[in-house]
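Here is the structure we will look at.
In this text, all values refer to a predicted model and were calculated from it rather than measured experimentally. Indexing begins at 1, ligand by ligand and atom by atom, following the structure's order. We count residues from 1, following the sequence as given.
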Amino acid sequence: MIGHEDLAVRTLGPCRIDSPLAERLASRETTQHSVVEEDRILFDDTISMAGARGLPVEQLPSLEPGGPRKRIYFDPAKTRVGIVTCGGLCPGLNDVIRGLVLELSRHYGVRRIVGFRNGYRGFIPHYGEDVVDLTPEVVQHIDDEGGTILGTSRGLQDPEEIVDALERLNINILFVVGGDGTIRGAMEVVRVIGERGLKVAVVGIPKTIDNDIPYIDQSFGFQTAMAEATKSIHAASVEARSAPGGVGLVKLMGRHSGFIACYSVLAKDDADYVLIPEVPFALHGERGFLEHLRRRVEDRGHAVVVVAEGAGQEHIEEHEPGRDASGNVRLGDVGRLLRRLICEHLDRAGVENNVRYFDPSYAIRSVPANPYDSAYCLRLAHAAVHAAMAGRTEVIVARRRRRFVHIPMPLAVSRRNHVDPLGDLWMSVLEATGQPVRFE
Ligand SMILES: Nc1ncnc2c1ncn2[C@@H]1O[C@H](COP(=O)(O)OP(=O)(O)OP(=O)(O)O)[C@@H](O)[C@H]1O
Ligand SMILES: O=P(O)(O)OC[C@H]1O[C@](O)(CO)[C@@H](O)[C@@H]1O
Ligand SMILES: [Mg+2]
């Protein structure tokens, strides 16, 4: 069970400098829409969960609110900031970079901000990457494009060398924008910073189109990626309905978590089956997926199947499960397997079929953020700047149940966020598709 110690945020020291934003904060108080810095946000949000702790309300586990502080740790005039983006692309990375730079320079008056190129390798001299000066002029319109102007990479890098680079460049604050691997890397950097007795803040802005970081609401870029995915589901549905025995099969990203598949299906409400990593399924037999699909095609003349890339890995026999440079498992291609098995099964049963396979792959994550995600990215960037200027370190900023909060990095990587097979989301998917609770 999560307790106080899991939610405690590390700081570099007391905040002794008046914030340039202090005046705006003078008359603020906690309301439904904002939480003042002296207040705390309850971790549990049901009476049964909070009640089970058997504690008075002030002792219940709680999170530090995000947002500006009246006093800050770093003197803006003497502060130098670094920004790095790591891992896979995600809509909104440029919005976050832009938001960080504009908030730091316009509101805090920080004048020295640099970007490290191509993820953590940008710190390592051996790769010969340059650093980029990030000014308001440089970042002003970068949100028009997908991707990240800094570039990104996978692959482990030596935290000692990363901190060497921070020291060489006199960086006081490092913003890391990335997923679980990036946050683990940042924790290593924090460890070395501590061992060297340095006062450098490391603050993360969690990035994952898979939405697999726990304890936060949907991650930035997720909504954009999900909206892109609906285009393929729509195309699959049109193709399926336009041919005898039409089957539209769509494979979507989602290594360990099937959120993109679930939400894009709910948005389009046109799919008959959703297969995700969290819910194993049998292929063969009377109650298996293939036989159910055959019946549906015979009954309705067509069907749409959406599969998350991490689903059904246990059915892929010929796959050698290697790892990528960061140690992430390389998945077998469940989409191609299903395409072959569906064709074979329908052929064998004498059912005329036209299977159309869609793999939008990187197309869903390389696009610019939609307006909702852009606004979200900007607000996350603001929260990250406030946290860092106030000397918070080894934290990520996040929105949890509509509140901006600071979440300690160890907690953010302590588990993965999954679609709960017993939860509301999966229930909605079952209601939308009409598929059985299990294929067994
Ligand atoms: N276990 C780890 N310990 C230390 N550093 C790590 C670890 N895993 C990854 N990293 C660092 O973080 C970087 C990004 O990690 P990774 O490629 O796993 O992407 P990610 O941040 O998890 O994002 P994505 O959502 O795309 O998976 C790597 O290049 C590596 O430098
Ligand atoms: O960018 P790569 O290394 O091909 O990795 C793709 C993976 O990255 C993710 O987009 C997460 O960032 C996964 O959904 C996908 O499996
Ligand atoms: Mg990852």
Closer than 4.0 angstrom: is that true for some heavy atom of Ser153 and an atom of ligand 1?
yes
Under 3.5 Å, N or O to N or O, is Cys86 touching ligand 1 that way?
no
Which is closest to atom 20 (P) of ligand 1 in terms of heavy atoms, Gly179, Pro159, Gly178?
Gly179
Heavy atom to atom 15 (C) of ligand 2, shortest distance: which of His256, Glu309, Arg330 holds it?
Glu309
Checking heavy atoms under 4.0 Å, the part of Leu331 that sits near ligand 2 is neither
Is it true that some N/O/S atom of Asp210, main chain or side chain, lies under 2.8 Å from the Mg ion (ligand 3)?
no
Who's the nearest protein heavy-atom neighbour of atom 29 (O) of ligand 1, and how far?
Gly155 O, 2.7 Å
What N, O or S atom of Asp180 is found closest to the Mg ion (ligand 3)?
OD1
Report yes or no: does Gly254 have a heavy atom closer than 4.0 Å to ligand 2?
yes
For atom 5 (N) of ligand 1, what's the nearest protein heavy-atom neighbour? Residue, atom name and distance, please.
Gly185 CA, 3.2 Å
Atom indices of ligand 1, in the order listed, that fall short of 4.0 Å to a heavy atom of Ser326:
15 (O), 16 (P), 17 (O), 18 (O), 28 (C), 29 (O)
Taking the six-membered ring where the residue is Trp, are the ring centres of Phe404 and His382 under 6.0 Å apart?
no
